[in-house]
Amino acid sequence: MPAKRPSNVAIIMDGNGRWAVRRGLPRVAGHKKGVDRVREIVRACPDLGVKTLTLYAFSTENWKRPVFEVASLMRLFRIYIRMEAAALEQNGVCVRFIGERGPLDDDIQRMMAGLEARTAHNTLLTLQVALNYGGRDEIARAAKRMARDAALGKLDPDAVDEATVSSYLDTAACADPELVIRTSGELRTSNFLPWQAAYSEYAFVPECWPDFTAQQFGEILDQFGTRERRFGDVTAAQGGTA
Ligand code: IPE
Ligand code: IPE
Ligand code: MG
C-alpha cells in the first residue's frame, strides 16, 4: 500500500445536473444517481484509510435553485437518511451534520438529529455531511456566538486565537481535511470549508459526481501521497537546509 494516504478528505460532489442533461434526463435523475455514489464512496473509506469524510450535499446558495429541484433534493436527503441509517450504524460510521439547520424542514432536522444520536458511538469512519452549509455563514455564526460569550464574560477577547475560532465552527469535533476533491471540472471552492481547507491539497477531476468511482477515489488518494506539503516552509528538495 502506498505510504501516505490522507485520513481526512472532503468532497464537493458536483456535476449531477450536467450528468443527467447530457443523457437527456431531468436534473433530478443525476441527483438520484449521485446518492448511489455517496453510498459507494462511504463504503470504500475504511479500506482506503479514510477516517473522516466530509461531503458537500447542499450549500447555503443552493436555495436559489428552482423550487422543484430544491424539494427533490430535500426528498432525497430524507430517503437517504431513512434507507441508510441502519447500514451506517452497523458499518461503524459516525454521522455528523454541518451547516445551519434552522431553515431546513422540522422533520429533516429531527431525522438528522436522530441519525447523529444513533451513530454517535461509532469510530470506524466519521461522515460529516454539509447540509445548508456555507463557509462564510459558518464563520459568521461562530463570530456571533463568540461575541455573545465575550459579552457574558465566558470568553476573554484577548485570549482568542486560531484554536478558539476552530472550536466555535460546526467542524469543531473533526480534523481539517488534508485533501479536497471536486468533481465535474469546475475550478472553485463554492464556499466550502474556507477556514478548514486553508492548507488543504486540492484535486479537481473532470468526471461528474455520478460517474465518480471508488477506484478513482483510491487513485486520487494514492496521488496525494506523492505531493510535498510545505506549509510555508522550505524543504530539502527546494534547496533548503535543515
Ligand atoms: C451537485 O450537482 C449537487 C448539488 C449542488 C446539490 P449540481 O446539481 O450542481 O450539478 P451541475 O453542477 O449543475 O451539473
Ligand atoms: C457546490 O456546487 C455545492 C455542492 C456540491 C453541494 P454548486 O454546483 O452549487 O456550485 P457552483 O454554483 O457551481 O459554484
Ligand atoms: Mg454544480
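Start at 1 and go down the list; that is how both ligands and their atoms are numbered. Just so you know, these numbers use all the heavy atoms, side chains as well, and skip hydrogens, waters and symmetry mates.
Annotation: atom 9 (O) of ligand 2 to nearest protein heavy atom, N62 ND2, 2.9 Å. Remark: minimum distance from atom 10 (O) of ligand 1 to any protein heavy atom is reached at G17 N, 2.9 Å. For atom 14 (O) of ligand 2, the nearest non-hydrogen atom of the protein is S190 OG, 2.6 Å.
The two residues F58 and W63 come nearest to each other via the heavy atoms CE2-CE2, 3.6 Å. Residue S7 comes nearest to E178 through the heavy atom pair N-OE1, 3.0 Å, listed as atom of the first residue, atom of the second, then distance.
Side-chain contact check for D176 and W195: no donor-acceptor pair (N or O, by modelled atom type) lies under 3.5 Å. T171 and Q128 share no donor-acceptor pair across their side chains, judged by distance under 3.5 Å alone.
Checking E186, R182, M13, R188 against atom 2 (O) of ligand 2, the nearest heavy atom belongs to R182. Of the listed options E69, R65, R22, R65 places a heavy atom closest to atom 8 (O) of ligand 1.
Residue R18 places every heavy atom at 4.0 Å or more from ligand 2.
Not a single N or O atom of A57, backbone or side chain, sits closer than 3.5 Å to an N or O atom of ligand 1. Here's the thing with N16: one of its N/O atoms is less than 3.5 angstrom from an N/O atom of ligand 1. Checked by distance only, ligand 1 and G15 come closer than 3.5 Å through their nitrogen or oxygen atoms.
Contact annotation for atom 12 (O) of ligand 2: protein absent (non-hydrogen atoms, distance under 4.0 Å).
Each of I11, D14, V205, T189 was scored for a side-chain contact (heavy atoms from CB on, under 4.5 Å) with R182, with one residue passing: D14. The residue from Q223, Q215, Q216 that alone fulfils the side-chain hydrogen bond (donor to acceptor under 3.5 Å, both in side chains) condition with E219 is Q215.
With ligand atoms numbered from 1 in the order given, ligand 1 contributes 7 (P), 8 (O), 10 (O), 13 (O) to contacts under 4.0 Å with heavy atoms of R27. Residue H31 has at least one heavy-atom neighbour below 4.0 Å for each of these atoms of ligand 1: 3 (C), 8 (O).
With a heavy-atom cut-off of 4.0 Å, V21 does not touch ligand 1 at all.
In summary, D36 and R39 engage in a salt bridge, as defined by a charged side-chain N under 4.0 Å from a carboxylate O. At a threshold of 4.0 Å, the pair R145-D149 does not count as salt-bridged, since none of the basic side-chain nitrogens sits closer than that to a carboxylate oxygen.
Two residues are said to be in side-chain contact when any heavy atoms from C-beta on lie closer than 4.5 Å; T54 and C174 fail this criterion.
Nearest N, O or S atom of D14 to the Mg ion (ligand 3): atom OD1.
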